[in-house]
Protein chains: 2
Amino acid sequence: MQLDERKYLILQAIIDDYINTAVPVGSRTISRKAGVSCSPATIRNEMSDLEELGYLDQPHTSAGRVPSNKAYRLYVDHLLKATKLSSDERERIQDHLLSRSKQVESVIRSAAEVLSDATKYTSVIVAPKLGTLRIRHVQLVPVADRTALMVIVTNAGIVKDAVIRVPDGLDADDLYSISRVLTQRLADKPLEAVRQTFSDLLRNADQSRKLLGETLAVIERKLEAGGDASDVIVGGSSRFLEYPEYSDVNKARNFLSVLESRDRLRKLVSGNGDMEVTIRIGPENHAPELSDCSIVTASYRVGDRSTGTLGIIGPTRMNYNRVISVLDFMGRALSDILSEYK
Amino acid sequence: MQLDERKYLILQAIIDDYINTAVPVGSRTISRKAGVSCSPATIRNEMSDLEELGYLDQPHTSAGRVPSNKAYRLYVDHLLKATKLSSDERERIQDHLLSRSKQVESVIRSAAEVLSDATKYTSVIVAPKLGTLRIRHVQLVPVADRTALMVIVTNAGIVKDAVIRVPDGLDADDLYSISRVLTQRLADKPLEAVRQTFSDLLRNADQSRKLLGETLAVIERKLEAGGDASDVIVGGSSRFLEYPEYSDVNKARNFLSVLESRDRLRKLVSGNGDMEVTIRIGPENHAPELSDCSIVTASYRVGDRSTGTLGIIGPTRMNYNRVISVLDFMGRALSDILSEYK
DNA sequence: CGTTAGCACTCATTAGTGTCGAGTGCTAAC
DNA sequence: GTTAGCACTCGACACTAATGAGTGCTAACG
């Protein structure tokens, strides 16, 4: 049996309705809808067919139908046309992202919030590996005796700053000249190649040797931070409580526990790196706890090559249309903001 | 009727038990406890007295007793002696706080996490007004064409950084000399007095005039940020789900909505500024939605005079003992870390 | 032959009922 | 003043019946 025009229409109507209400949808409901003009009885026949084809599930006899994962898959693959965000909304998002200082981390944090606000689902953003960014500038700013703020600027803007200990007796001017040397030596090297430059720099001795060593150590640590927990940022972590599928406390706790394990979360969300929006419905994401969730992800780019992932986690009946539009737009917006400094 | 020794003992036992189990406690439970050696019947008589005195409530006849708000009040005022944290634990907390770079905001963010981890309740930290901090150093770091990172260092360490636009044609050395001028002019002034220095600085014209104006504008904006939403930081915002009192979805949603309105939250948590731990039980915090919650707060100090608040929100039957110990310690630890640069 | 109305059937939901047991209050004895 | 005993209360839980939304099937209709 093949899906004809009307079956598509009915399936679409069922999915739309179920996304909004989370209640199994009956034949009457559909027949009342504009666009389909036949009686409930006819709809029932069609529904029966759709069920046989595996697109609908029936929680129990005499309940309405619920879209199956296969239906969602069909829906996102064929039935769905992404709608553009209104220019109003685009502006609101961009404003929000720009309002923060342009450091990678705070932009991402703020993006996670915006993403969750715009979609009403929980958002997850994985920060990119920063190794391929090229250092443009290193500068030390005095903070107190023997303490300085090290700012590393790359071609994607300010990537990291860290407070480090410096040898005694260095004043602001000393730190500045040291900064110049550091910048000279490190400029244009990718962050991940800094380790190789290490021995070169150490040979260039004198009083700043200790400082150089320490600075390099910090840079190395920062690079490794790419693999640590802080690079997965969750926005709207309690949004899911708004949805009836989680009114069971156990399911809610379950969901939460996934959010709390940043490692698992990173694996679940991390995408393949291209800019396309990818959708994993129910069991397609390989986490038993999330077998009734969908994960939608997109990518963003920092600098030339590094990519990060931004995503949404919600019930399988999520509003894919909306989510895809927002993710697509935000992926681009993030890339633009984080790669502004070409 | 007065409270004698034994009544105190029994009340304490009831509160302790209820804090742990959240189940109304019966006379048998108490009589089995060490420290009280009489039969359930006797306990019942005492309980009956305590109820009449307003220290216990009975959800319904033939349920156990539940401590009233008045009981909690008595408990925290008289029955409770704060236990010191184990040195092990103190170390763990301090490590965690120190592991981040020493910027005020990230320390606070990290503190909110630690606080929530250590107590198992939701934590709230209100950032201090930074106006009384004294500027020690201002430095501009080039980020890209016409873009610079402005770092403001105060006597409490790095307070704020922001990316600002600068006039065209300034290289790193130009920015450095401008930084020196800025530092010279602004050094030792409290952040809040910067506005007054404004006209002085503008008179000192030449090519950096525009930059100065802009820099000052940014500083001013940063100062005002003291009144904006980003200065209330919540840790463990979904912790409350672990407690049976919130297994009702509506209560949970209710609680969440309070957490989400940062303005209300600030008002609810903000303390009187002295370092004492203050406790508001149930209706004592003037929020109808939180009439079955307690809020425990302490203060921390940044620099000489600014104070911020750190607090815990949880069910009235919260583990006050533990919470007070942690808050007390963390208040001090935070103050130490944020005022390190004297 | 596709569409529709009618009707019997299913089953989750809800309200109502009965039982169980933890816990109390009271009374009388120690 | 303390304790044991006993009747009583009331939530929790299990079971039952009534309700109604929704289906599947069949027969009639255009």
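No hydrogens, no waters, no symmetry mates; every other heavy atom, side chains included, goes into these values. In what follows, chains are A, B, ... by sequence order, proteins preceding strands, each numbered from 1. Computed from a predicted structure; not experimentally measured.
Between the CD1 atom of B:Ile14 and the C1' atom of C:dT24 there is a distance of 13 Å, rounded to whole Å. Taking atom CD of B:Gln58 as the reference point, atom P of C:dA22 lies 17 Å away to the nearest angstrom. The separation between B:Asn45 atom CG and C:dT24 atom C1' is 11 Å, rounded to whole Å. A straight line from CE of A:Met47 to P of D:dC25 spans 15 Å, rounded to a whole angstrom. Note: CD1 (A:Ile30) to P (D:dT23) measures 10 Å, nearest angstrom. The interatomic distance linking A:Ile43 (CD1) with C:dA5 (P) rounds to 12 Å, in whole Å. In this structure, CZ of B:Arg44 is placed 18 Å from P of D:dG1, rounded to the nearest angstrom. Distance B:Glu46 CD to D:dT3 C1': 13 Å, rounded to the nearest Å.
Along DNA chain D, the nucleotide closest to B:Arg6 and the one closest to B:Pro59 are compared, and the more 5′ of them pairs with B:Arg6.
For the OP1/OP2 pair of C:dT3 and a distance below 4.0 Å, the side-chain nitrogens and oxygens of A:Thr42 include no atom meeting the criterion. Contact between the side-chain N/O atoms of A:Arg65 and the OP1/OP2 oxygens of D:dG24 is found at a separation under 4.0 Å.
The partner of C:dC30 is D:dG1, judged by Watson-Crick or G-U wobble contacts that both fall below 3.5 Å. Judged by Watson-Crick or G-U wobble contacts below 3.5 Å, the nucleotide D:dG24 has C:dC7 as its partner.
Closest to the side chain of A:Ser39, out of C:dA5, D:dA4, D:dT23, is C:dA5. Comparing D:dG11, D:dT9, C:dG25 against the side chain of B:Thr61 picks out D:dT9 as the nearest. For A:His60, the side-chain atoms get nearest to C:dC11 when compared with the rest of C:dC11, C:dT4, D:dG11.
A cation-pi geometry, defined here as NZ or CZ lying under 6.0 Å from the six-membered ring centre and within 45° of its normal, holds between B:Lys70 and B:Tyr55.
Side chain to side chain, A:Thr297 and A:Thr278 meet the donor-acceptor criterion of an N or O pair below 3.5 Å. Between the side chains of B:Asn321 and B:Thr83, at least one donor N or O lies within less than 3.5 Å of an accepting N or O.
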Take B:Asp77 and B:Tyr72, measure what side-chain hydrogen bond (donor to acceptor under 3.5 Å, both in side chains) needs, and give me the verdict at the end.
-> CA-CA 8 Å; B:Asp77 286 347; B:Tyr72 288 125; over 6 Å; no

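The base of D:dT9 is paired with the side chain of B:Ser62 by a donor and an acceptor separated by under 3.5 Å.
Between B:Met318 and B:Val323 the shortest heavy-atom distance is SD-CG2, 3.8 Å.
Among the heavy atoms of the strands lying under 4.0 Å from A:Ala41 is at least one base atom, whether or not backbone atoms are also near.
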